[in-house]
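These notes concern the structure reproduced below.
Small disclaimer: the values here were computed from a predicted structure and weren't measured. Protein chains get the first letters and strands the later ones, always in sequence-line order, with residue 1 at the start of each.
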Amino acid sequence: MSSQKFFDRLKVQLLFSGPTLFAFFTVVILPFLYGIYLTFTNWDGVSTSHSFVGMKNYLAVLDDAAFWTSLYKTMKYVLLTVILINVVGFFLAYMLTTEIRAKNLFRAGFFTPNLIGGIILGFLWQFIFSNVLVYIGEHFKIGIFSSSWLADPDKAFWTLVIVTTWQYSGYMMVIYIAGLMNIPKELLEAASIDGANAFVRLRKIILPLMVPSFIVCVFLSLQRGFMVYDLNVALTNGGPYKSTQLVSMYVYQKAFLSQKYGAGQAEAFVLFLIVAIVTLIQVYVSKKREVEA
Amino acid sequence: MRKLKMMSAAVLSLSLLLSGCGNSTKEGQSSDGKKTASSEVKITLLNSKGEIQAQLEEAAKEFSKENPGTTLEVIPAAAGQSPFEKVSSMYAAGNAPTISMVDPGDVKKFADKALDLSNEKWVKDAIDGSLDDAKTEDGKILAFPFAVEGYGLIYNKAVLDKAVGGNFDPASIKTRKDLAELIKKIQKTGVASNLQSPMDWSLGAHYLTIGYSVQSNKFEEVEAFLTNLKEGKEDLTKNEKLNGLLDTFDLLKENNVNKKDPMSGTYEQGPELLGKGKVGLWFMGNWAWPQIKGFDTTNGNYGFLPVPISDNPDDYGNSQISVGVTKRLIIDKEQNSPEQQAAAKKFLEWLVYNEKGQDFLVNKANIIPAFKNITLEPQDPLAKSIKAYMNNNKTLRSMVTLPPDHWSQVGAFMQQYLDNKIDRKQLLKQIEGYWKSQQ
């Protein structure tokens with residue numbers, strides 16, 4: 001009887017979750033497992049045959065200095081963008097929840113960059129950095145703008161950081177605004193009656209209560225930072241001379257340009273592990289700091 | 001009970017969907033040309049040169065008209081898709097095109113699927129060296145040379161005429177010294193002498209590879225040089241020819257119009273500066289003509305100069321420019337019937353020997369053909385210049401069969417060198433390192 005019931009329930013569950021499960025299994029789980037399998041082969045990405053090479057690709061990852069350099073650059077990029085995106089996003093949200101005019105217009109305005117795709121955005125800013133700013137720099141004799149930022153390895157790296165911050169801080173702003181609006185007014189009122197000034201209110205009440213928003217935003221910006229590809233391709237294309245080639249782009253080129261699919265896939269898997277570890281640690285650590293109002 | 005019905009319906013529709021997929025592939029396999037034995041022969045051509053799709057369709061119609069019973073269909077490869085990717089997926093689907101237009105480096109990968117073309121009539125009319133990289137180790141010719149392209153220092157004749165005070169003769173530049181003097185003369189007229197564009201493909205795939213091809217005028221010796229590089233047996237710092245080429249690069253770098261900020265240049269800058277006569281020389285290839293034409297101020301007076309590698313006028317490379325086959329046609333022998341293969345051979349012959357075929361190649365599609373018997377003059381000045389070098393046998397082999405990421409990796413090293421971030425020794429060590437990692 002109970003087994004009959006179990007099958008009945010299984011049927012119902014399969015009816016509803018079956019199609020989704022099927023789709024998830026075929027487009028996520030299978031390619032993932034197949035991808036891991038390919039890391040043990042010497043497939044070149046296009047040929048019809050490949051042979052098994054064991055751990056060779058993973059050993060090659062350890063030896064591939066260029067991979068670790070691009071990973072280091074990506075770490076630096078992630079650290080900078082996570083800080084900047086969230087600081088700017090929170091600042092915007094804080095300003096736009098105070099009593100200022102045309103609030104909704106500003107909110108919409110800051111959110112807009114997020115609606116533009118990374119490729120278009122990259123080309124837009126490429127034009128700004130290599131033409132508009134250079135024109136302004138030469139015209140008004142501003143030394144820092146007089147040559148294209150995209151032609152200098154250090155400045156080209158900063159263009160990536162700047163554009164990413166510009167693109168995502170509006171998105172994080174929306175999440176922070178939602179968080180700020182949920183802070184009970186009576187707490188803030190009580191605090192101000194007790195004589196707490198704006199800074200103390202921010203530090204002792206608003207920030208602790210905003211931890212859930214921070215968790216979400218930091219997680220999102222972390223994960224986007226590690227996975228960035230489209231902006232990298234469109235804005236700097238890894239240049240000048242591969243100095244701004246972030247890790248996703250490096251892995252892609254390894255697999256498809258150098259036609260070392262197995263090795264590229266192994267690097268992608270290492271990247272996956274690193275991203276998974278970093279984000280899990282982040283979520284775990286920040287969950288502990290959550291407080292109840 | 002009702003739940004069960006719904007369930008089974010869902011399962012049924014799913015399985016139908018799956019079996020549907022299965023069936024269609026099977027049908028595709030059985031309906032390919034092999035089985036349909038009739039007088040009508042239908043052949044297909046995969047075109048990976050998007051810009052000539054319309055002209056090629058036109059030519060296909062012309063060919064079908066002249067050969068009743070044969071129809072040729074032209075399939076375009078999507079823009080940005082590598083021809084190799086497209087062709088291999090068509091093989092996997094069981095309907096390989098009869099003729100595929102592929103990149104030269106891909107030919108060997110299709111060695112077991114491509115028809116042997118060694119006995120074709122056009123083989124003896126092909127220009128020297130145009131079949132070298134299409135040969136298997138036992139000497140079989142697997143591919144037809146479809147288009148030739150070349151590169152070197154493009155000059156604007158109006159600027160150079162003014163600089164030398166008279167009619168500039170490209171044959172007068174035979175050594176690095178000659179080039180240095182020419183650069184000084186141009187600068188005296190108040191015009192920047194040359195532009196060195198910083199694109200990785202231009203530096204890595206075109207400029208530096210001259211250094212490989214000048215190693216020897218024999219195909220096998222250049223291949224041996226590359227094999228040695230891979231095995232780490234070549235000391236590039238002691239390689240006179242490569243160093244000579246880089247000395248010339250230093251000269252071009254020193255007088256580069258972008259010298260202050262060499263990495264800021266773009267491809268688009270080149271045609272404008274050269275066409276408007278703001279620089280005299282630009283290192284690029286004949287594909288730049290459509291863009292140069294847009295800025296042309298000299299009534300189409302352009303041509304190529306070789307990139308000299310030494311001060312000895314007789315050295316190989318000082319009077320030659322790099323010319324190579326950049327697209328090849330292969331005929332499939334696995335999935336197409338003998339009738340189809342014969343028709344495909346006929347089409348290749350038609351391109352080389354039929355008046356309309358030649359007209360299509362040279363006049364309609366603006367292609368420089370790789371055949372000595374085609375005497376039609378190309379339309380644009382850069383193609384004319386290349387043709388002239390070819391007629392005089394003054395060509396270097398273009399290195400078109402290097403590893404697929406050579407242009408990108410070595411291009412990046414060359415960019416660093418151009419930007420003075422590394423010195424000559426570091427550059428050569430990095431190139432050696434790249435080759436060693438190719439084993």
Side-chain angles (χ1 to χ4, degrees), chain A residues 7-19 22-23 26 44-49 60 63-66 126-127 129-131 133-134 137-138 146-156 236-245 249-250 252-260 263-264, chain B residues 1-11 13-14 17-18 82-89 91-92 105-106 109-110 112-113 198-200 203-204 258 260-266 268-269 403-419 421-422 430 433-434 437-438:
Chain A
F7 278 113
D8 275 348
R9 278 177 60 187
L10 187 71
K11 272 180 219 153
V12 180
Q13 283 181 353
L14 267 183
L15 177 64
F16 288 105
S17 61
F22 176 75
T26 47
D44 64 3
V46 265
S47 80
T48 44
S49 63
D63 270 347
D64 190 352
Q126 192 184 44
F127 179 73
F129 280 116
S130 54
N131 296 61
L133 285 182
V134 173
E138 281 175 354
S146 64
S147 67
S148 171
W149 276 34
L150 295 173
D152 181 276
D154 295 327
K155 287 182 193 155
T236 66
N237 200 8
Y241 32 83
K242 301 202 187 301
S243 56
T244 60
Q245 200 174 40
M249 192 174 165
Y250 180 83
Y252 177 87
Q253 296 219 329
K254 186 84 176 183
F256 295 104
L257 178 68
S258 307
Q259 294 184 359
K260 289 176 185 154
Chain B
M1 194 56 209
R2 253 178 87 187
K3 277 181 205 158
L4 208 102
K5 259 188 194 162
M6 272 160 77
M7 264 294 288
S8 49
V11 169
S13 57
L14 234 151
L17 208 98
L18 288 174
S82 86
F84 181 69
E85 222 179 295
K86 175 82 182 172
V87 177
S88 32
S89 71
Y91 265 105
D106 301 335
K109 298 178 196 157
F110 290 111
D112 52 337
K113 300 183 176 83
M199 286 81 65
D200 47 2
L203 294 168
N258 284 342
K260 204 183 78 196
D261 200 5
M263 283 307 295
S264 67
T266 54
E268 289 73 25
Q269 188 192 14
D405 59 347
H406 179 278
W407 63 271
S408 160
Q409 304 288 351
V410 175
F413 306 152
M414 284 295 282
Q415 286 178 327
Q416 282 171 291
Y417 185 66
L418 176 71
D419 203 15
K421 287 284 183 303
I422 55 173
Q430 285 186 338
Y434 167 77
S437 73
Q438 292 305 304

For this session: Check step by step if side chain to side chain contact (heavy atoms under 4.5 Å, CB included) holds for B:Gln415 and A:Lys242.
Result: CA-CA 9 Å; B:Gln415 286 178 327; A:Lys242 301 202 187 301; over 6 Å; no
Problem set entry | chain A contacts, top residue of B:Leu418, B:Asp200, B:Thr266, B:Asp419 (heavy-atom pairs, under 4.5 Å) | B:Asp419
Side chain from CB out, backbone as N, CA, C, O: work out which of these in [X] comes under 4.5 Å of a heavy atom of chain A, or both, or neither.
X	value
B:Pro403	neither
B:Gln409	both
B:Lys421	side chain

For this session: Please report the closest heavy-atom contact between A:Lys260 and B:Ser437, naming both atoms and the distance.
Result: NZ-O, 3.9 Å
For this session: Considering non-hydrogen atoms only, spot the tightest contact between B:Met263 and A:Pro240 and give its length.
Result: CE-CB, 3.7 Å
Exercise. OG of B:Ser264 to CG of A:Asp152: how many Å apart, nearest 0.5 Å?
Worked result: 11.0 Å
Exercise. Roughly how far apart are A:Tyr241 OH and B:Ile422 CD1, rounded to 0.5 Å?
Worked result: 9.0 Å
